[in-house]
Amino acid sequence: MKTDLRAWLNAVEGQGELKTVDGADWHKEIGTLVELNAKARGPALLFDKIKDYPAGFRLLAGAMSSAKRLSLTLGMPQDLGGLDLIRSMKDKMRGWSDELDEFPPMVVKDGSVFQNVDEGDRINLLKFPAPLWHHDDGGRYVSRAVVAPRRRRALHRHRLGGDHARAQR
C-alpha cells in the first residue's frame, strides 16, 4: 500500500481491522489491553485521549500483527495467511528493491514534518505517550520490534529515561 499512515488507518478501519480506544492510562493499562488483544488476535488498537496527554497524541499498537493487515500494508493478496503469505512475501521481496526508484528522497523546506520541532533543552520524549507495557519493565518504552535472523531471535525496545527523557537502549 503506497500511502501515508492516515490513509492506512482509514483503510484498515474500513475493513474492521482497527479499534480506537479513548481514555486509556499509559501506566500498565495500555500494555494490558495490547497483550489481551494480541492473544485474542484482535484488530490493531489506536489509543487516543491517553491519560496525562492531550487528545491527538495517539499510539498505534498491533499494526502488523495480523496477516490481513500485513498483506494490506505490503500490497499482497489479502486472502493469504500463514506459510502462503510468507512464501508470497519471499517471492515479492526480490522485486521491492527494484521499486526503490519510485520513492526518491525529497528535501523540503516546509511541510508537516516541520510542525513539531524541539531542540536543545526543549527535547522531552515524554511529551509523547510512552507506556509502561509490563509491570516488571524498568521504565517506559516507545518502541519494540522482534528481529528474527536465521539463528537467533532478538527483541529490541527503546526505553525512555534520564534528563529530558532521551531515548536509551
Side-chain angles (χ1 to χ4, degrees), residues 1 3-74 76 78 80-83 85-86 89 112-169:
M1 179 173 198
T3 188
D4 64 13
L5 181 58
R6 288 178 184 98
W8 183 89
L9 290 169
N10 288 332
V12 294
E13 185 174 38
Q15 295 181 358
E17 289 284 321
L18 179 69
K19 178 170 179 52
T20 299
V21 180
D22 286 335
D25 191 331
W26 61 265
H27 189 264
K28 299 181 187 174
E29 191 172 44
I30 288 176
T32 300
L33 290 170
V34 168
E35 188 165 337
L36 291 172
N37 186 60
K39 287 180 181 177
R41 297 180 183 252
L45 298 176
L46 182 63
F47 294 92
D48 197 359
K49 301 174 186 159
I50 297 166
K51 183 182 177 209
D52 299 330
Y53 291 91
F57 278 64
R58 303 181 301 175
L59 185 145
L60 177 64
M64 302 297 132
S65 61
S66 80
K68 190 172 183 179
R69 291 189 298 276
L70 182 60
S71 296
L72 173 72
T73 303
L74 299 176
M76 309 291 294
Q78 293 184 38
L80 296 177
L83 287 176
L85 176 58
I86 292 169
M89 285 174 56
S112 59
V113 70
F114 295 110
Q115 287 177 347
N116 296 293
V117 176
D118 290 333
E119 297 174 326
D121 288 341
R122 293 188 60 203
I123 295 171
N124 180 3
L125 296 178
L126 287 175
K127 80 176 197 180
F128 303 105
L132 183 68
W133 292 100
H134 301 282
H135 63 88
D136 288 333
D137 278 350
R140 299 165 70 178
Y141 289 84
V142 293
S143 68
R144 58 185 172 175
V146 175
V147 179
R150 292 180 187 252
R151 292 203 170 100
R152 249 180 97 192
R153 188 172 67 176
L155 174 67
H156 295 275
R157 305 188 314 160
H158 298 89
R159 185 173 66 85
L160 299 181
D163 292 342
H164 303 293
R166 290 191 175 90
Q168 295 180 350
R169 186 170 173 212

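Computed from a predicted structure; not experimentally measured.
K127 is listed as a side-chain neighbour of D118, based on a closest heavy-atom distance under 4.5 Å. By the 4.5 Å heavy-atom criterion applied to side chains, L60 and L18 are counted as neighbours. Looking at heavy atoms from C-beta onward, N37 lies out of side-chain contact with K19 at the 4.5 angstrom threshold. Using a 4.5 Å heavy-atom threshold, the side chains of I50 and F57 count as separate. In this structure, M76 and L70 have side chains that are not in contact, with every pair of non-hydrogen atoms separated by 4.5 Å or more. Looking at W26 and L59, their side chains never come closer than 4.5 Å, going by heavy atoms from C-beta outward. Residues P131 and D25 have side chains not in contact (no heavy-atom distance under 4.5 Å, counting atoms from C-beta outward).
Taking all atoms of both residues into account, the shortest heavy-atom contact from A44 to G62 is CB-O, 3.7 Å. Residues S71 and Q78 approach most closely at CB-CA, 3.9 Å, considering heavy atoms. Across L126 and Y53, no two heavy atoms sit closer than the pair O-OH, 2.9 Å. The nearest pair of heavy atoms linking A24 to F47 is CB-CD2, 3.8 Å. Contact record, Q15 with L72: NE2-CD1, 4.3 Å, taken as the closest heavy-atom pair.
To the nearest 0.5 Å, atoms OG1 (T73) and CE (M64) are separated by 3.5 Å. Remark: L74 CG to L80 CG distance equals 11.5 Å, nearest 0.5 Å. In this structure, L45 CG and R58 CZ are separated by 13.5 Å, a value rounded to the nearest 0.5 Å. Between atom NE2 of residue H27 and atom CG of residue D52 there is a gap of 10.5 Å, rounded to the nearest 0.5 Å. A distance of 13.5 Å separates CG of L85 from NZ of K68, quoted to the nearest 0.5 Å. Rounding to the nearest 0.5 Å places CD of E29 at 9.0 Å from NZ of K51.
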